[in-house]
Protein chains: 2
Amino acid sequence: MSTHGASLIDVARAAGVSTATAGRALGGYGQVSDRTRERVLAAAAELGYRTNGLARSMVTGSTQTIGVVVTDVANPFFATALRGITDVTSPAGFEVLLANTGGTREAEQRAVTVMSEKRVDGMIVAAAQPGDGAHLKHAMDVGVPVVLLDRQVTGVPDADTITIDNEHAAAEAVAHLLELGHRRIGVITEAGDQLARVRSGSRRRGLFPSAVRLRGYVRALQAAGIEIDERLVAPARYERESAYDAMTSLLDSAVPPTAVLCTDNVLASGAYRAAQDRGLSMPADLSLVGFDDEPWTTLVRPELTIVEQPTYDLGARAGRQLLDRLAGSANRSPQHVQLKAKLVVRESTARYPASPQEDLAREERK
Amino acid sequence: MSTHGASLIDVARAAGVSTATAGRALGGYGQVSDRTRERVLAAAAELGYRTNGLARSMVTGSTQTIGVVVTDVANPFFATALRGITDVTSPAGFEVLLANTGGTREAEQRAVTVMSEKRVDGMIVAAAQPGDGAHLKHAMDVGVPVVLLDRQVTGVPDADTITIDNEHAAAEAVAHLLELGHRRIGVITEAGDQLARVRSGSRRRGLFPSAVRLRGYVRALQAAGIEIDERLVAPARYERESAYDAMTSLLDSAVPPTAVLCTDNVLASGAYRAAQDRGLSMPADLSLVGFDDEPWTTLVRPELTIVEQPTYDLGARAGRQLLDRLAGSANRSPQHVQLKAKLVVRESTARYPASPQEDLAREERK
DNA sequence: CTGAAAGCGCTTACAG
DNA sequence: CTGAAAGCGCTTACAG
């Protein structure tokens, strides 16, 4: 590839030394006399030499590159986590090879294969599907450490995992509502179809965050001695419109909830809007809790009470974990880090019933 | 690197053929008989063989990787553009090597150097600084095509550029306000320090989007015969709090503006909040225009009138442009694509004065 | 401190 | 259709 300019041979020739010596001077390894180093550096500068990283990687066995696989970089959650990853790995001299799976397992498998072929030193993966991590297992088997981000996957028992304690996060939000006096608490969830599975209490792996949050909801209510009312569990897709509809149907039900938990940020925005459009006054008529501290949550009135995930940290920790593996703790047993989310009470949640008087007034109206 | 499993030699030996033949069978190039191919494929599967992309790239001269350099992946603008890039380049068989510069030229130079060393086939760069693109020029000189995204850079005359027509975008927003009757129109801008330069009308290159938008503001007012009042140009950093302060000082001035343009999404959120906190009723007391169609802009009341940038498209077009270069149009003259932004009128802008009656009432109150 | 030689794992002419 | 050999551009023992 002469188009890519001078090679080490050219530099060595120009400096009147062997390629071994030129390589040592340029690469900063081995011993070189100051005089020689200067001559080589001068020749390299003259020729505009840049090391061929491909050749170097082939012999050193390291590319100083890590693969990062997410379902959607445009999602603020992953974008922020990605920033956390690069902020940690970049100073350590690693570049990031990025892949977007769009949430399909096929795309993920392809991405993992390509990254393996490009010989990334390790991978951080936010999986598309909770089941069957055979492709990830395979990567680990050939010596590429993988760190699972945000999502547990079955079939990769040896991978490190960095997740958020979603069960606790959701449970805390529900506990907050219970404490305020709410008894009919609805939930808008992407995991509506997994309610039965969630209630039966299967193991963690194989459950994605939305399902784990739903479990937190279920557990918190059960702990308070409240029976789960399936009519209060509103399924929705990961779209504002879908959440809008879910909220609407929740409010249309015979005995509507007095409070609603939305298990992610997009769902919360749709639900918020539906409540607004219906002319409900929050928090007087309805308490609402969302996930993630997005800009809009403090711009709307009332400001939204949320569960704040340590998103940036999630990425940063994953990066650090991978760096640790790469730095030699290759055979240590898998690490499973769970970060805590934080309930941030703002204006969209309030006591129910609002006050004894109002309670009375409500009764009289009947 | 035996840790990385079987090599082509191992496969060839197992299949009883030469490495040349094994390579042809596996790589899908050259001629191989069906019988041989089957034997090779079987052996490869048996051994869990994966091509070493490093070795392949070294001989083919292509890594099927493009470098993408942005200032901040966590910024929704770049995250969305990045998604546009990957959606276009991934089906074409390219992976993305990502770098975050944090907005400093040094980090950008380092990123570009490393990407060159890793032999990316091309790069898409959202520059950290408008001036001195020597490092980018250098990349192009050694045969790595560069596409500039969103930001013009001096010193790289041969690079393709994909930008948004920011001057037009801002001018259109101002024209909308003028049409509504506003005459005192303020602007909150990151390019406050460049007002003089903007007014003198220097060339495009060397000006970043914020400055170009400020120019759009200036031009639109001038076209309407309105003199620029420097007290209406409020400088702010790219932070919500800073914009909040800028808006506050704008409203505190002796003759406050009746309408304000915010030249990006973060500034708009801070300004919106300041107006709210002051108890101003929008759009009756103040008209406000922002940039970018972020979720919050339709969640707040009133909904925000905005200039919508084709962010995803910006990335997609950049990806396509780079693909074109790579596909052979290497020597064609540089392309400069400018995408149009779109004014989306919602509820935060209204006629001024509101009506003759109100005008009268206003007068009487004095 | 320096150099000759081998080798990383592929693909590519060139013969046959 | 298949194979022997060269070569991509480095780094790494091994001698000296």
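Chain letters run A, B, ... following the sequence lines, proteins first and then strands; every chain starts at 1.
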Q: Looking at A/Asp121 and A/Gln64, would you say the former's side chain and the latter's main chain have a donor-acceptor pair under 3.5 Å?
A: yes
Q: Round to a whole Å and report the spacing from CZ of A/Arg119 to C1' of D/dC10.
A: 17 Å
Q: Mind calculating the distance between NZ (B/Lys118) and P (D/dC10) to the nearest angstrom?
A: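 Rounded to whole Å, this separation is 14 Å.
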Q: Atom CD of A/Glu117 to atom P of C/dT11: distance rounded to whole Å?
A: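 From A/Glu117 CD to C/dT11 P: 10 Å.
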Q: Check whether A/Lys118 reaches the backbone of B/Thr63 with its side chain - one donor and one acceptor, N or O, closer than 3.5 Å.
A: yes
Q: Taking OP1 and OP2 of C/dT11, is either one under 4.0 Å from a side-chain nitrogen or oxygen of B/Tyr29?
A: yes
Q: Compare all side-chain heavy atoms of B/Thr163 with those of B/Asp150 and state whether any distance is below 4.5 angstrom.
A: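 No, side chains not in contact.
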Q: Please state how far atom CD in B/Gln64 lies from atom P in C/dT11, giving the value in whole angstrom units.
A: 13 Å
Q: Quick one: B/Gln31 CD to D/dC1 C1', roughly how many Å, whole number?
A: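 Checked: the CD to C1' distance equals 8 Å.
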Q: Tell me: CG of A/Asn52 to C1' of D/dC10, nearest whole Å?
A: 7 Å
Q: Does A/Arg105, at its CZ atom, have more than 12 non-hydrogen atoms belonging to other residues, nucleotides or ligands within less than 6.0 Å?
A: yes
Q: Within the pair A/Ser33 and C/dT2, is there a side-chain N or O less than 4.0 Å away from OP1 or OP2?
A: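 Yes, within the criterion.
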Q: Going from CD on A/Gln152 to NE2 on A/His336, what distance comes out if it is rounded to the nearest 0.5 angstrom?
A: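 If I round to the nearest 0.5 Å, the distance is 7.5 Å.
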Q: From CD1 of B/Ile9 over to C1' of C/dC10, roughly how many Å is that when rounded to an integer?
A: 9 Å
Q: From C-beta outward on A/Leu8, which listed nucleotide comes closest to its side chain: D/dT11, D/dG3, C/dT2?
A: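 Per side-chain heavy atoms of A/Leu8, the pick is D/dT11.
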Q: Between D/dG3, C/dC10, D/dG9, which nucleotide has the shortest distance from any of its atoms to the side chain of A/Ala55?
A: D/dG9
Q: Going by an N to O cut-off under 4.0 Å, is there a salt bridge joining A/Asp324 and A/Arg320?
A: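 The answer is no: the pair does not qualify as a salt bridge.
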Q: Which of these nucleotides, D/dG3, C/dT12, C/dC10, is closest to any side-chain atom of B/Ser18?
A: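 Between D/dG3, C/dT12, C/dC10, the one nearest the side chain of B/Ser18 would be D/dG3.
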Q: Does the side chain of B/Thr21 get closer than 4.0 angstrom to OP1 or OP2 of D/dG3 through an N or O atom?
A: yes
Q: Out of D/dC8, D/dC10, C/dG3, which nucleotide sits closest to the side chain of A/Val59?
A: D/dC10
Q: Answer with yes or no whether A/Arg24 presents, from its side chain, a donor or acceptor under 3.5 Å of a partner atom in the base of C/dG3.
A: yes
Q: From D/dC1, C/dC1, C/dC8, pick the nucleotide closest to the side chain of A/Met58?
A: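 Closest nucleotide among those given: C/dC8.
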Q: Go through C/dT11, D/dT2, C/dG3 for me and flag the one nearest to the B/Thr36 side chain.
A: D/dT2
Q: Establish, with yes or no, whether the OP1 or OP2 oxygen of D/dG9 is under 4.0 angstrom from a side-chain nitrogen or oxygen of A/Ser7.
A: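 No.
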Q: Is B/Thr19 near enough to C/dC10 that one of its side-chain N or O atoms lies under 4.0 angstrom from OP1 or OP2?
A: no
Q: To the nearest angstrom, how far is A/Arg50 atom CZ from D/dG9 atom P?
A: 12 Å
Q: May I ask which nucleotide in the shown strands pairs with D/dT2, Watson-Crick or G-U wobble, both distances under 3.5 Å?
A: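 WC or wobble partner is C/dA15.
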